[in-house]
Participant: 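Supplied in structure tokens, the structure appears directly below.
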Amino acid sequence: MPERSISRRRLLTGAAGAAGLALATAACGGVRPEPSTGSTGAGGKVKVTMFAFLGGDLGKMPKEFAKEYEQAHRNVEVEIYEQSNSVGYTRMLAQQKASPDQPLVNFGFFNAQTSVQGIDDKMWAKLDYSAMSNSADIDPRFQREDGYGIGIGVDQFGLVYNKDKIGKAPTSWAALWDHAYQGKVSFFGFPWYAVYMAAKLNGGGLDNMEPGWDLWEREARQIRLLVESNPQYLNVLSNGTAPMTAYFAGTGQQWINSGAPLTYVVPSEGAIPLPIYMQAVQGSTPQQLEVVHDMINEMISPKWCARWAEVSVEAPANVKTPLPAKLKDLPAFQKSTTDAFQDIDYTIVGRNNAQWQKRWETDIASRI
């Protein structure tokens, strides 16, 4: 299938002429969408489906944006599909194989690893940054030279610990394998970032993870347990069963806000950035891609980047975005923190993650 690039706003320049159309009434709930049979919705409107993350407050900003966009563009109908990237992307792949011109969704929010996988799967349509007025204000680290997506926000991995159970606060990634914390560490599933930092601090890196694997094979007893859900994670951290971990700053802050006795620490070597990209999906019609192009450009504006930062507890990718008041004093959101992010090649992570996970299960998890 030939690749479709998004270019100019041909469709939306005529949006004012659609004022006679009724307001869009598409549901913005978390129901699974039916594959599109075309780009036309109710009343001849251009219908697009947006992928949004499921859980917490993550659906708030997409729904608010969709409502405002529909009111300003009465020839557009927006449906929202809420799901995790892991489950939702698997369904997108299945639909792509069955009917490549009827994608499950037309655009949406995707993490760095899913974005890399989507490039290999030819899932994405390229964005034309030159036609996007807000693209120049996105931190260059979260733009892409290949045009496959553009950043809207950036979470990060750092250290999270129970301040009531651990007297000496950790300051380095090396705390994860420091014997002072032996038997107190927990992880969610496969923590590639812990293997990476063990490798980097011992002469390796993403392109040579062997020092990290060797270290964690020796130090597997540092790990008390591996959790399988966020509620379980919060419980073992809060009750002291396993009061030390490395995890998302955003999720950690949400736990802290809920009253958990936890603290997030930016490691001295730097936090690991986790950019969230807006992606357009191949197989969408030219009309849908025109709408998607315009919607993404609006969503990466300072206004909507700020709202996304607020609901996701992420640093905004648009450098002109003022930080929400509740975030600006937190360590994770200081300029010194974001300037010192680890430089991560997510192409390497995405293409090796499945193999690394198998090795973790075989060589590390089996020793816990």
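Sequence positions, counted from 1, serve as the residue numbers for this chain. It should be emphasised that the depicted structure is a prediction, and the values quoted were computed from it without experimental measurement.
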Participant: Between Leu226 and Ser186, is any pair of side-chain heavy atoms under 4.5 Å apart?
Facilitator: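 No - every pair of side-chain heavy atoms lies 4.5 Å or more apart.
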Participant: Is the CG atom of Asp120 crowded by more than 12 outside heavy atoms at less than 6.0 Å?
Facilitator: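 More than 12 within 6.0 Å, yes.
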Participant: At their closest point, which heavy atom of Ala260 faces which heavy atom of Leu234, and how far apart are they?
Facilitator: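 Reported closest heavy-atom pair: CB-CD1, 3.8 Å.
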Participant: Does any N or O in the side chain of Asp121 come within less than 3.5 Å of the main-chain N or O of Met123, such that one atom is a donor and the other an acceptor?
Facilitator: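 The answer is no, because no donor-acceptor pair under 3.5 Å joins these two groups.
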Participant: Should Glu82 and Lys63 count as an ion pair when the cut-off is N to O under 4.0 Å?
Facilitator: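 Yes, charged N to carboxylate O under 4.0 Å.
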Participant: Apply ring pair (Phe, Tyr, Trp, His ring centres under 6.0 Å) to Phe248 and list each qualifying residue two or more places apart in sequence or on a separate chain.
Facilitator: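 Checked Phe248 against ring pair (Phe, Tyr, Trp, His ring centres under 6.0 Å); matches are Phe157.
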Participant: Looking at every heavy atom in both Pro103 and Val281, which two are closest together, and how far apart are they?
Facilitator: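 Heavy atoms only, the tightest pair is CB-CG1, 3.9 Å.
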Participant: Without swapping roles, check the side chain of Asp137 against the backbone of Asn318 for a donor-acceptor pair under 3.5 Å.
Facilitator: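 Not confirmed, Asp137 side chain does not pair with Asn318 backbone.
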Participant: Cut-off 3.5 Å, side chains only: do Glu314 and Trp308 have a donor facing an acceptor?
Facilitator: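 There is such a pair (donor and acceptor under 3.5 Å, judged by atom type) between the side chains of Glu314 and Trp308.
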Participant: Side chains of Phe53 and Ser84: does their closest heavy-atom pair fall under 4.5 Å?
Facilitator: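 Not touching, per the 4.5 Å side-chain cut-off.
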Participant: Identify the heavy atoms of Ser301 and Asn134 that sit nearest to each other, and give their distance.
Facilitator: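 Taking Ser301 first and Asn134 second, the nearest heavy atoms are CB-ND2, 3.6 Å.
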Participant: Answer yes or no: does atom CZ of Arg141 have more than 12 heavy-atom neighbours from other residues, nucleotides or ligands under 6.0 Å?
Facilitator: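 Yes, because the 6.0 Å sphere around CZ of Arg141 holds more than 12 heavy atoms from other groups.
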Participant: What pair of heavy atoms forms the shortest contact from Ala52 to Pro62, and how long is it?
Facilitator: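 Here Ala52 and Pro62 meet closest at CB-CG, 3.9 Å.
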Participant: Any side-chain to backbone donor/acceptor pair from His293 onto Leu289? Under 3.5 Å, distance only.
Facilitator: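 Checked: no pair found.
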Participant: Restricting to non-hydrogen atoms, name the atom on Pro170 and the atom on Leu159 that form the minimum distance, rounded to 0.1 Å.
Facilitator: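 Of all heavy-atom pairs spanning Pro170 and Leu159, the closest is CB-CD1, 3.9 Å.
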Participant: Clusters formed by hydrophobic residues whose side-chain heavy atoms approach within less than 4.5 Å: which one holds Leu330, and what are its other members?
Facilitator: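 Leu330 shares its hydrophobic cluster with Val313, Leu323, Leu327, Phe333.
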Participant: Pair Asp155, Ser312 - check side-chain hydrogen bond (donor to acceptor under 3.5 Å, both in side chains), show working.
Facilitator: CA-CA 8 Å; Asp155 203 346; Ser312 67; over 6 Å; no
Participant: Keeping Asn106 on the side-chain end and Thr49 on the backbone end, is there a donor-acceptor pair under 3.5 Å?
Facilitator: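 Looks like yes, one N/O pair under 3.5 Å.
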Participant: Is there side-chain contact between Met295 and Phe65, with heavy atoms separated by less than 4.5 Å?
Facilitator: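 Counting from C-beta outward, Met295 and Phe65 do come under 4.5 Å.
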Participant: Is there a donor-acceptor pair under 3.5 Å between the side chain of Asn352 and the backbone N or O of Ile348?
Facilitator: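 A pair under 3.5 Å: yes.
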Participant: Given Met278 and Met299, is the side chain to side chain contact (heavy atoms under 4.5 Å, CB included) satisfied, shown in steps?
Facilitator: CA-CA 9 Å; Met278 301 302 302; Met299 293 175 84; 3.9 Å; yes
Participant: Might you point out which heavy atoms bring Gly88 and Leu104 nearest each other, and give the distance in Å?
Facilitator: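 What the structure gives for the nearest pair is O-CD2, 4.4 Å.
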Participant: Are Val154 and Val266 grouped together when hydrophobic residues (ILVMFWY) are joined by side-chain heavy atoms under 4.5 angstrom apart?
Facilitator: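 Val154 does not cluster with Val266.
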Participant: Using 4.0 Å as the upper bound for N to carboxylate O, is an ion pair formed by Lys67 and Glu64?
Facilitator: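 No.
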Participant: Sub-3.5 Å donor-acceptor pair from the side chain of Gln156 to the main-chain atoms of Ala332, do we have one?
Facilitator: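 Confirmed, Gln156 side chain pairs with Ala332 backbone.
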Participant: Within the 4.5 Å heavy-atom criterion, are Trp216 and Gln222 side-chain neighbours or not?
Facilitator: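 In contact.
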Participant: Show every side-chain hydrogen bond (donor to acceptor under 3.5 Å, both in side chains) that has at least one partner inside residues 161-177, sequence neighbours left out.
Facilitator: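 Non-adjacent pairs meeting side-chain hydrogen bond (donor to acceptor under 3.5 Å, both in side chains): Ser172-Glu269.
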Participant: Could you give the side-chain donor-acceptor pairs of residues 187-203 under 3.5 Å, partners two or more places apart or in another chain?
Facilitator:
from: Trp192; atom 1: NE1; to: Gln113; atom 2: OE1; distance (Å): 3.4
from: Tyr193; atom 1: OH; to: Ala246; atom 2: O; distance (Å): 3.4
from: Tyr196; atom 1: OH; to: Gln342; atom 2: OE1; distance (Å): 2.8
from: Lys200; atom 1: NZ; to: Gln342; atom 2: OE1; distance (Å): 2.7
from: Asn202; atom 1: ND2; to: Ala198; atom 2: O; distance (Å): 2.8

Participant: Kindly work out whether a path of hydrophobic side-chain contacts (I/L/V/M/F/W/Y, heavy atoms less than 4.5 Å apart) joins Tyr247 to Ile276.
Facilitator: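 The answer is no; the residues belong to distinct hydrophobic clusters.
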Participant: Quick one: do Leu54 and Gln83 satisfy side chain to side chain contact (heavy atoms under 4.5 Å, CB included)? Show the steps, please.
Facilitator: CA-CA 5 Å; Leu54 177 67; Gln83 187 52 268; 4.0 Å; yes
Participant: Please table the atom pairs, donor to acceptor, closer than 3.5 Å between any side-chain atom in residues 205-212 and protein atoms at least two apart or in another chain.
Facilitator:
from: Asn208; atom 1: OD1; to: Glu210; atom 2: N; distance (Å): 3.4
from: Glu210; atom 1: OE1; to: Arg359; atom 2: NH2; distance (Å): 3.0
from: Glu210; atom 1: OE2; to: Arg359; atom 2: NH1; distance (Å): 2.8

Participant: Side chains of Tyr181 and Arg224: is there a donor and an acceptor less than 3.5 Å apart?
Facilitator: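 There is no such pair (donor and acceptor under 3.5 Å, judged by atom type) between the side chains of Tyr181 and Arg224.
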Participant: With sequence neighbours left out, what residues match Arg144 under side-chain contact (heavy atoms from CB on, under 4.5 Å)?
Facilitator: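 In terms of side-chain contact (heavy atoms from CB on, under 4.5 Å), with neighbours along the sequence ignored, Arg144 is linked to Ile119, Tyr129, Asp146, Tyr148, Tyr277.
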Participant: Please check this pair: side chain of Asn239 against backbone of Asn235, looking for a donor-acceptor N/O pair closer than 3.5 Å.
Facilitator: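 Yes; at least one donor-acceptor contact below 3.5 Å.
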Participant: Between Met244 and Ile166, does the side chain to side chain contact (heavy atoms under 4.5 Å, CB included) criterion hold? Intermediate values first, please.
Facilitator: CA-CA 8 Å; Met244 163 89 75; Ile166 293 179; 3.9 Å; yes
Participant: Please assess Lys358 against Glu361 for the test salt bridge (Lys or Arg N to Asp or Glu O under 4.0 Å), listing each intermediate value before the final yes or no.
Facilitator: CA-CA 5 Å; Lys358 290 179 181 178; Glu361 293 168 356; over 6 Å; no
Participant: Tell me every residue that passes side-chain contact (heavy atoms from CB on, under 4.5 Å) with Ala220, counting only those two or more places apart in sequence or in another chain.
Facilitator: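 Ala220: side-chain contact (heavy atoms from CB on, under 4.5 Å) contacts with Ile364, Arg367.
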Participant: Answer whether the closest heavy-atom distance between the side chains of Val116 and Val349 falls below 4.5 Å.
Facilitator: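 They are not in contact (no side-chain heavy atoms under 4.5 Å apart), so the answer is no.
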Participant: Under 3.5 Å, is there a donor-acceptor pair between the side chain of Asn85 and the main chain of Asn111?
Facilitator: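 Looks like yes, one N/O pair under 3.5 Å.
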Participant: Going by side-chain contact (heavy atoms from CB on, under 4.5 Å), name the residues that satisfy it together with Ser229, two or more places apart in sequence or in a different chain.
Facilitator: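 Expected list: Pro231, Gln232.
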Participant: Only counting residues at least two apart or in another chain, list the ones meeting side-chain contact (heavy atoms from CB on, under 4.5 Å) with Thr90.
Facilitator: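 side-chain contact (heavy atoms from CB on, under 4.5 Å) check on Thr90 returns nothing, list empty.
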Participant: Counting only N and O atoms by type, is there a donor-acceptor contact under 3.5 Å from the side chain of Gln288 to the main-chain atoms of Thr285?
Facilitator: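 Confirmed, Gln288 side chain pairs with Thr285 backbone.
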Participant: Which residue pairs pass the salt bridge (charged side-chain N to carboxylate O under 4.0 Å, His left out) test with at least one member in residues 270-288, sequence neighbours excluded?
Facilitator: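 Pairs touching residues 270-288 that pass the test: none.
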Participant: Can Tyr346 and Leu274 be said to form a side chain to side chain contact (heavy atoms under 4.5 Å, CB included), step by step?
Facilitator: CA-CA 9 Å; Tyr346 276 99; Leu274 293 132; 3.6 Å; yes
Participant: Which pairs count as salt bridge (charged side-chain N to carboxylate O under 4.0 Å, His left out) when at least one residue sits in residues 329-339, sequence neighbours excluded?
Facilitator: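 Listed once each, the pairs are Lys335-Asp339.
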Participant: Are any of the side-chain heavy atoms of Lys303 and Thr321 separated by less than 4.5 Å?
Facilitator: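 No, side chains not in contact.
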Participant: I want to check something: taking the side chain as every heavy atom from C-beta on, are Val160 and Val265 in contact at a cut-off of under 4.5 Å?
Facilitator: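 SC-SC contact between Val160 and Val265 ruled out.
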Participant: When the aromatic ring centroids of Phe51 and Phe107 are compared, is their separation below 6.0 Å?
Facilitator: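 No; Phe107 has its ring centre 6.0 Å or more from that of Phe51.
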Participant: Is the closest side-chain heavy-atom distance between Ile344 and Ile272 below 4.5 Å?
Facilitator: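 Answer yes - side chains close enough.
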Participant: Members other than Val319 in its cluster, when Ile, Leu, Val, Met, Phe, Trp, Tyr link by side-chain heavy atoms under 4.5 Å?
Facilitator: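 Traced through the cluster, Val319 reaches no other member.
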Participant: Is it the case that the side chain of Gln143 and the backbone of Ile150 share a donor-acceptor pair, with hydrogens and angles ignored and the cut-off at 3.5 Å?
Facilitator: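 No: the side chain of Gln143 does not pair with the backbone of Ile150.
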